[in-house]
Structure formats: structure tokens, C-alpha cells
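For reference, the structure is listed below as C-alpha cells.
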Amino acid sequence: MATLERHGLHIDYLDAGRGAPVLLVHSSASGNRQWRKLIERLTPRHRAIAPNLLGNGATTAWHGPRRQTIADAAQVVFGIVDGLKLDAPLRLVGHSWGAAVALHAAHVLGERVSKLVLYEPMLPGLLRAHGRLQAAAETQALHTHLQRCARSGDWLAAAERFTDYFNGDGAWAATPQERRLLLAGLLPPNLHEWDAAMAPLRADAFAGVGAQTLLMCGRATRPALLEMVAVLYQRFNHWRLVEVAGCGHMAPLTHADVINAWIADFLDDDADSDAGAADAAAALQ
């Protein structure tokens, strides 16, 4: 694991391969190792760089006197871009909260980003601002529960609700005790990420994105997560939207081969991309 110091942060990251740089931004209660299979797939043609976000791995935890914002979280991405002196065109890939961070980074970096892949960006702040009130209530209930658990220090209870929401009902019951303890230990940074994700915003906040964008979701995911994707696609209907059959929110981990095939194809040369994606789509029907 490599490290660098940038923007007052200590950032640890994985760095493998040579070629066009691809930054991989992980989901909450996870870490950059969630991308190991994708890294193996990309490195023959790309340089894959996967940082740990704030509070994950050895990366500096959020400790400010105010609530974390998505701009704060994105400093990790900007630190990698600046610290490694990465030249355009850049490619960004993100999952869940990592997709929200990648989206903000692409907005700020503008034309420096040529391609952007987002799997179910976790941006509940979009819901109320766009009148999706039932979905907003769903995510607010989850946020309130996690806050209550954090205040009492009951991270196992927080992990149970978190796991069943994002992995599907019954996922916690099927989780071995050792894994439960690991998940509970990964959740404290997530509380700050929720602060950032819940902040009200409209999709126009990402109008600076100039990259070709692949927006992905699973057909078996939670309704509120689909609503977030719908809000973004309604505003950016020139993006490519892919709904993957049989997949939920954690598909980049549970169905890595399927999701990674879409990502790798999209990141490859444009001439090959459209044909390959069409074949993949046909295979999923």
C-alpha cells in the first residue's frame, strides 16, 4: 500500500498497472480492496489507482468541528490527482458513497475527466430537493437509526440495519459473527459520510461533468436508491443508463464479474465499447 501527503491528508492507496489512469472510489463500510478483481481486469491496459476514503485504512479520518461535506470527501481524489501528477484524460469509477464522491470530483475536474462510471451514487440529499418524498423518508429513517446507534455506541445494531438495507433483508442473519464484528468496526466513518450525503442538493450541482458517463443500477436494489439514479438520469439523460438484472446495491462485490465486464468495456476504446456492451446486454436478458 502506497501513501502520500496532500491537502493536509495522509492518503493510502493501491496503484497497479500502466496506461491511462483510472481512479476507483470505494463504497461505505468498505475500502479500496473492494476493487481487487476490477484492478486485475484493468491493469493490462490501464493504471488503476484506488485510494481509501476518509477514515478508511490509513487515510486521515474526518475530525472537523463541522459536518463533513461531499467536497471534503473528494479531497482524497484531488489529493491523488495532484500528488501523483496524473494527466488528463482521467477516468473515475465509484460505487455508492464512492460514486457520489467520484461524481463531485468529475464536476470539479470538468474536462480533465474523459469517462465516469457510477454504480448507484448514494446521494439521498437529492430526494427531498426533487420531490421524491417517500424515498426521502426511507433514507431519513435509516439515517436516524444509525445516528441513534452511534450515540449509544451500539455499532453492532447499526451494522445490522446497514447490512440488511444495502445487502437485502436477511443478509445480517446470514453473516458470520467474525464478519459482523468487522462490519461494525468499519461503520464509524460512515456516520460522517451520511452527514455529507443527506445535505439537500439538486442534480444541477453536478453540471460541470463533461465526461462520457455510465450510470448503473441493479434491478433488485432498494426503491430509494433507484430514485436517486432516476433523479440524476432525468437531469443528465445524455448519460448511458444500464439497469442490471438480478443485482442489488452491492453488485460490484456480489456480482463483480458482471459489473466489472461493463466497467472494463466502457473504459476501453470507444470503437470496441459499443459493440461489447451490446453483447453484454444481450447476455443479461
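Because the structure is a prediction, the values reported are computed rather than measured. For this chain, numbers begin at 1 and follow the sequence in order.
Atom CD of Gln134 sits in a sparse spot, with 12 or fewer heavy atoms from other residues, nucleotides or ligands closer than 6.0 Å. For His238, the NE2 atom is densely surrounded, since the number of other residues' heavy atoms within 6.0 Å is greater than 12.
Using a 4.5 Å heavy-atom threshold, the side chains of Val242 and Phe266 count as separate. Using a 4.5 Å heavy-atom threshold, the side chains of His10 and Glu5 count as touching. Between Leu123 and Leu103 the shortest side-chain heavy-atom distance falls below 4.5 Å. Residues Gln212 and Ser114 fail the side-chain proximity criterion, which asks for heavy atoms closer than 4.5 Å. Looking only at side-chain heavy atoms (C-beta outward), Leu23 and Leu86 come within less than 4.5 Å of each other. With contacts defined as side-chain heavy-atom distances shorter than 4.5 Å, the pair Pro121/Leu232 qualifies. Looking only at side-chain heavy atoms (C-beta outward), Ile259 and His95 stay at 4.5 Å or farther from each other. Contact check for Ile70 versus Trp97: side-chain heavy atoms found under the 4.5 Å cut-off.
Here the closest heavy-atom approach between residue Leu118 and residue Leu116 is recorded as CD2-CD1, 3.7 Å. Here the closest non-hydrogen pair linking Leu186 and Ala29 is CD1-O, 3.5 Å. The two residues Leu53 and Ala73 have their closest heavy-atom pair at CD2-O, 4.3 Å. Of all heavy-atom pairs spanning Glu138 and Ala224, the tightest one is OE2-CB, 3.3 Å. Of all the heavy atoms in Pro51 and Asn32, the pair that sits closest is O-CB, 3.6 Å. Nearest heavy-atom pair across Ala106 and Leu92 is N-CD1, 3.8 Å.
Relative orientation of the Trp239 and Phe236 rings is parallel, given thresholds of 30° and 60° on the angle between their planes.
Looking at Thr163, its side chain never comes within 3.5 Å of a backbone N or O of Glu160 through a donor-acceptor pair. When atom types are taken as modelled, the side chain of Arg36 and the backbone of Arg33 share a donor-acceptor pair closer than 3.5 angstrom. Under the 3.5 Å distance criterion, the side-chain polar atoms of Tyr119 are matched with a main-chain donor or acceptor of Gly218. Proximity of a side-chain donor or acceptor of Arg6 to a complementary backbone N or O of Phe78 within less than 3.5 Å is not detected. Proximity of a side-chain donor or acceptor of Thr3 to a complementary backbone N or O of Ile11 within less than 3.5 Å is not detected. Of the possible donor and acceptor atoms, one in the side chain of His107 sits under 3.5 Å from a partner among the backbone N and O of Gly208. The closest donor-acceptor contact from the side chain of His46 to the backbone of Gly17 lies at 3.5 Å or more, if one exists at all. In this structure, the side chain of Arg222 engages the main chain of Tyr165 through a donor-acceptor pair within 3.5 Å. The backbone N or O of Trp172 sits less than 3.5 Å from a side-chain atom of Asp164, completing a donor-acceptor pair. Under the 3.5 Å distance criterion, the side-chain polar atoms of Asn56 are left unmatched by any main-chain donor or acceptor of Gly31.
Taken to the nearest 0.5 Å, the CG atom of Asp15 stands 11.0 Å off from the OG1 atom of Thr43. Ser96 contributes atom OG, which lies 8.5 Å from atom CE of Met228 (distance to the nearest 0.5 angstrom). In this structure, CG on Leu126 lies 9.0 Å from CZ on Arg202, to the nearest 0.5 angstrom. Once rounded to the nearest 0.5 Å, the distance linking CG of Leu182 with CG of Leu187 reads 10.0 Å. Between the OG1 atom of Thr221 and the CE atom of Met216 there is a distance of 12.0 Å, given to the nearest 0.5 Å. For the atom pair CZ of Arg161 and CG of Leu142, the computed distance is 5.5 Å after rounding to the nearest 0.5 Å.
By the rule that hydrophobic residues join a cluster once side-chain heavy atoms approach within less than 4.5 Å of another member, Trp35 and Ile49 end up as members of separate clusters. One hydrophobic cluster, built from ILVMFWY side chains closer than 4.5 Å, holds both Leu201 and Tyr233. Clustering ILVMFWY residues whenever any of their side-chain heavy atoms sit less than 4.5 angstrom apart, transitively, puts Ile80 in the very cluster that holds Val113. Cluster membership for Leu215 and Leu226, using ILVMFWY side-chain heavy atoms within less than 4.5 angstrom, is not shared. Val76 and Leu14 fall into different hydrophobic clusters, where Ile, Leu, Val, Met, Phe, Trp and Tyr are joined by side-chain heavy atoms under 4.5 Å apart, directly or via other members.
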Criterion side chain to side chain contact (heavy atoms under 4.5 Å, CB included) on Phe206 and Arg235, from CA distance to verdict
CA-CA 10 Å; Phe206 305 111; Arg235 169 60 180 81; over 6 Å; no
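Exactly one residue among Leu4, Thr59, Leu54 makes a side chain to side chain contact (heavy atoms under 4.5 Å, CB included) with Leu9. That residue is Leu54. Paired with Leu42 under the rule side chain to side chain contact (heavy atoms under 4.5 Å, CB included), one option of Asn260, Val93, Leu267 passes, and it is Leu267. Across Gln34, Glu120, His249, a single residue satisfies side chain to side chain donor-acceptor pair (under 3.5 Å) together with Ser27, and that is Gln34.
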Check residues 191-200 and write down every donor-acceptor pair under 3.5 Å in which the side-chain atom is one partner and the other belongs to a residue at least two apart or another chain.
| from | atom 1 | to | atom 2 | distance (Å) |
| --- | --- | --- | --- | --- |
| Glu193 | OE1 | Ser28 | OG | 2.5 |
| Trp194 | NE1 | Asn190 | OD1 | 3.0 |

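At a threshold of 4.0 Å, the pair Asp268-Lys115 does not count as salt-bridged, since none of the basic side-chain nitrogens sits closer than that to a carboxylate oxygen.
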